[in-house]
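The structure appears right after this line, and notes come after that.
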Amino acid sequence: MTNPVKNQFLLSVLLIVALSPILTGRISAQGFTTLHTFTLAPNDNNSEGRNPYAGLTLAGNLLFGTAFDAGQHGAGAVFGLNTDGSGFTPYFSFSQAVGSFFPTNWEGGHPQAPLIFTGTALYGTASQDGTNSTGTVYELSVATGVKVLHTFAAAGFDFVGTNSDGASPVAGLVLSDTSLYGTAAYGGPKGSGTIFKGDDTSLVFTNLYNFTALQTNRVQTYTNGDGANPLGRLVLSGNMLYGTASAGGTNGNGTVFSMT
């Protein structure tokens, strides 16, 4: 018979060993420093953006990020700064979208996702606006400025309807060679979101997977077999993509999935 006391002791030792780097990091992380405070945005406009929902991207001693709102035209911005907080620079402000129900512009707006930096360009997603009000995938470089790699198709009221390729890409991208992988939270043929692949040079866009339609069960929970509304960034390992769907699944509480 196993000894429960002994097993609990061994488990405690293992947890202490496993958590010791975390605990050490927690102690040494007390020197909190505010690197930048975003300025006031009267009438939703300023020079640098506000509400940075996404995490940062580190490249050497540079940090790159996105701001969801404000900027020069009220549609968000892309910024950078040094890791010591100096040199804050608003690189790009998304243009003002026109329209009440389906606001549109040419390049998208209101980014919610972290960026990818390749050494020569930044790649990101805009969760709204664009020519169909459903978001875009874009590239920002010193050489060419902003280039729209893909504009998502129209998807009905508040971008929660159906379309061919997805709508509202709120998650960041994953880069492998010249291929960009990402998710759209809504839209697609079943209205539950998509997984897509794009090329950063040829602008070829491929819809890799469409999440299935949601059904209402007896307790009014929206369910399906594979999940719906992916909001998180994908992880690429070899030829496998891993991700999460925030809703759907057989219990209506979301799923974790993999895809070749």
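- Asn224 approaches Ala228 most closely through the heavy-atom pair ND2-CB, 4.2 Å.
- Counting only N and O atoms by type, the side chains of Ser141 and Thr144 include a donor and acceptor under 3.5 Å apart.
- Taken to the nearest 0.5 Å, the OG1 atom of Thr178 stands 4.0 Å off from the CG atom of Asp199.
- Contact annotation: the side chain of Leu234 approaches that of Ile195 to within less than 4.5 Å [non-hydrogen atoms, C-beta and beyond].
- Using a 4.5 Å heavy-atom threshold, the side chains of Ser133 and Gln128 count as separate.
- In Lys190, the NZ atom is not crowded: 12 or fewer heavy atoms of neighbouring residues, nucleotides or ligands sit closer than 6.0 Å.
- In this model, no donor atom of one side chain and acceptor atom of the other lie less than 3.5 Å apart for Thr194 and Asn210.
- Between the side chains of Ser86 and Asp84, at least one donor N or O sits under 3.5 Å from an acceptor N or O.
- Atom-to-atom distance recorded for Thr118:OG1 and Leu115:CG is 11.0 Å, nearest 0.5 angstrom.
- Ring geometry, Phe205 versus His150: the interplanar angle falls under 30°, so the pair is classed parallel (tilted spans 30 to 60°).
- Note that CG of Leu63 is 5.0 Å distant from CG of Leu81, once rounded to the nearest 0.5 Å.
- Using modelled atom types, one finds a donor on one side chain and an acceptor on the other under 3.5 Å when comparing Ser95 with Glu107.
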Stepwise, does the side-chain contact (heavy atoms from CB on, under 4.5 Å) test hold for Thr223 with Thr250? CA-CA 5 Å; Thr223 63; Thr250 56; 5.9 Å; no
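- Asp165 CG to Asn163 CG: the interatomic distance, rounded to the nearest 0.5 Å, is 5.0 Å.
- Looking at heavy atoms from C-beta onward, Thr104 lies out of side-chain contact with Thr131 at the 4.5 angstrom threshold.
- Side chain of Thr134 to main chain of Ala153: a donor-acceptor pair is present (N/O by atom type, distance under 3.5 Å, no hydrogens or angles).
- Nearest heavy atom pair, residue Pro230 against residue Ala184, reads CG-O, 3.5 Å.
- Across all non-hydrogen atoms, the minimal contact from Ala113 to Ala54 is C-CB, 3.2 Å.
- A side-chain donor-acceptor contact under 3.5 Å links Thr212 and Asp226.
- The structure places OG1 of Thr37 at 10.5 Å from CG of Leu40, a figure rounded to the nearest 0.5 Å.
- In this structure, Ser93 and Ser47 approach most closely via the heavy-atom pair OG-O, 4.3 Å.
- Taking the side chain as every heavy atom from C-beta outward, Tyr222 and Thr216 approach each other to under 4.5 Å.
- Counting heavy atoms from C-beta outward, Asn132 and Phe152 have side chains that stay 4.5 Å or more apart.
- Residues Glu48 and Thr39 are in side-chain contact: their nearest non-hydrogen atoms beyond the backbone lie under 4.5 Å apart.
- Neither side chain, Tyr186 nor Asn229, offers a donor N or O lying under 3.5 Å from an acceptor on the other.
- Taking the six-membered ring for Trp and the full ring otherwise, the centers of Tyr181 and Phe196 sit at least 6.0 Å from each other.
- Linking ILVMFWY residues whenever their side-chain heavy atoms come closer than 4.5 Å, directly or via other members, leaves Tyr242 and Leu208 in distinct clusters.
- Two rings, from Phe68 and Phe94, have their centers 6.0 Å or more apart.
- Put simply, the side chain of Gln72 does not reach to within 4.5 Å of the side chain of Asn45, judged on heavy atoms.
- Between Phe117 and Ala59 the shortest heavy-atom distance is CD2-CB, 3.3 Å.
- Distance alone, capped at 3.5 Å, places no donor-acceptor pair between the Asn82 side chain and the Gly85 backbone.
- Counting only distance, with no hydrogens or angles, the side chain of Asn105 and the backbone of Gly130 share a donor-acceptor pair below 3.5 Å.
- Taken from CZ in Arg233 to OG1 in Thr125, the straight-line distance is 9.0 Å, to the nearest 0.5 Å.
- Put simply, Phe64 and Val78 are part of the same group of oily side chains (I, L, V, M, F, W, Y) that touch within less than 4.5 Å, one to the next.
- For the pair Thr66/Tyr53, no side-chain contact is recorded, criterion being any heavy-atom separation below 4.5 Å from C-beta on.
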Is there a ring-ring contact (aromatic ring centres under 6.0 Å, His included) between Phe92 and Tyr138 once you walk through the steps? CA-CA 12 Å; Phe92 178 75; Tyr138 64 88; 7.5 Å; no
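- Here Phe38 and Phe88 bring their ring centres to under 6.0 angstrom of each other.
- Linking ILVMFWY residues whenever their side-chain heavy atoms come closer than 4.5 Å, directly or via other members, leaves Met259 and Leu175 in distinct clusters.
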Worked check of side-chain contact (heavy atoms from CB on, under 4.5 Å) between Val146 and Glu139: CA-CA 6 Å; Val146 170; Glu139 172 191 334; over 6 Å; no
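- Summarising the geometry of Pro111 relative to Gly76, their closest heavy-atom pair is CD-CA, 4.3 Å, with the distance given to 0.1 Å.
- If you chain together hydrophobic residues whose side chains sit under 4.5 Å apart, Leu62 and Leu56 never meet in one group.
- Following chains of ILVMFWY side-chain contacts shorter than 4.5 Å, one cannot reach Leu122 starting from Val137, and the two form parts of different hydrophobic clusters.
- In this structure a side-chain-to-backbone donor-acceptor pair under 3.5 Å is present from Ser127 to His110.
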